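Take a look at the structure set out below.
Counting begins at 1 with the first residue of the sequence. Quick caveat: nothing in here was measured; it's all calculated off a predicted structure.
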Amino acid sequence: MSFQNFYLINTATDGTVVTLIQQGQNVGNLKAIIITSTSAALKDISLLYQNDTEAVPYYLIYKQPFPIGGTLLLDSDDMVGFNNSSSGYSLYFQAHDTSTKATVILKR
């Protein structure tokens, strides 16, 4: 799987958990993550790291209320950098219902 910078997420068709970076992709450190709500109502979202073997989630944000048209910028190297080797972690976007729409941009 190659690195993808841009995601158009619609949980009605994509499911409520979307893999942004798969464990073992060796993407290297991210510089920023930008999430923008394109939903027509307030939604809760989460962003998490998880080692696929351990299946224990580590949340960057958890059930963050996300307003209509809201944008969240995570741009600290210390915050968004992570081990993405085969023994490292995957990065996931999680919505808490099946009618969430968002765009996600990953900058490295």
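Although no hydrogens or angles enter the test, the distance criterion places no donor-acceptor pair under 3.5 Å between the side chain of Y59 and the main chain of S46. Judged purely by atom type and a 3.5 angstrom limit, S39 uses its side chain to pair as donor or acceptor with the backbone of K101. A donor-acceptor pair under 3.5 Å is absent between the side-chain atoms of S90 and the main chain of Q22, judged by distance alone.
Under a hydrophobic clustering in which Ile, Leu, Val, Met, Phe, Trp and Tyr are joined whenever their side-chain heavy atoms come within less than 4.5 Å, directly or via other members, I34 and V18 fall into different clusters. No path of Ile, Leu, Val, Met, Phe, Trp and Tyr side chains, each step under 4.5 Å between heavy atoms, connects L73 with L30, placing them in separate hydrophobic clusters. Under the 4.5 Å side-chain heavy-atom criterion for grouping Ile, Leu, Val, Met, Phe, Trp and Tyr, Y92 is not connected to L106 through any hydrophobic cluster. Cluster annotation: I61 is connected to V56 through the hydrophobic network of ILVMFWY side chains, with a link wherever side-chain heavy atoms come within less than 4.5 Å. By the criterion of side-chain heavy atoms lying less than 4.5 angstrom apart, applied directly or through intervening Ile, Leu, Val, Met, Phe, Trp or Tyr residues, F3 is not grouped with L8; the two fall into different hydrophobic clusters.
Separating the CG atom in N51 from the OH atom in Y89 is a distance of 5.5 Å, to the nearest 0.5 Å. Rounding to the nearest 0.5 Å gives a distance of 10.0 Å between NE2 of H96 and CD of Q64. Atom CD1 of I21 sits about 5.0 Å away from atom CG of L91, to the nearest 0.5 Å. In this structure, the separation between NZ on K63 and CD1 on I45 is 13.0 Å, given to the nearest 0.5 Å. Within the model, atoms OH of Y49 and CG of N83 stand 11.0 Å from one another, a figure rounded to the nearest 0.5 Å. With rounding to the nearest 0.5 Å, the separation of CG in L48 from OH in Y62 is 10.5 Å.
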request  = May I have the step-by-step check of side-chain contact (heavy atoms from CB on, under 4.5 Å) for I35 and I9, ending in yes or no?
outcome  = CA-CA 10 Å; I35 305 170; I9 297 172; over 6 Å; no

| request: Begin from the C-alpha positions of L74 and L47 and carry the test side-chain contact (heavy atoms from CB on, under 4.5 Å) through to its verdict. | output: CA-CA 11 Å; L74 303 172; L47 194 62; 3.6 Å; yes

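T38 and A102 get closest at one heavy-atom pair: OG1-N, 3.4 Å. Across all non-hydrogen atoms, the minimal contact from T11 to A95 is CG2-CB, 3.4 Å.
Under the 4.5 Å side-chain criterion, counting only non-hydrogen atoms from C-beta, T100 is not in contact with F66. The side-chain heavy atoms of T98 and T16, taken from C-beta on, include a pair separated by under 4.5 Å.
Residues in residues 33-61 take part in these salt bridge (Lys or Arg N to Asp or Glu O under 4.0 Å) pairs, two or more places apart or across chains: K43-D97.
For T71 and T36, the side-chain atoms include at least one donor-acceptor pair closer than 3.5 Å.
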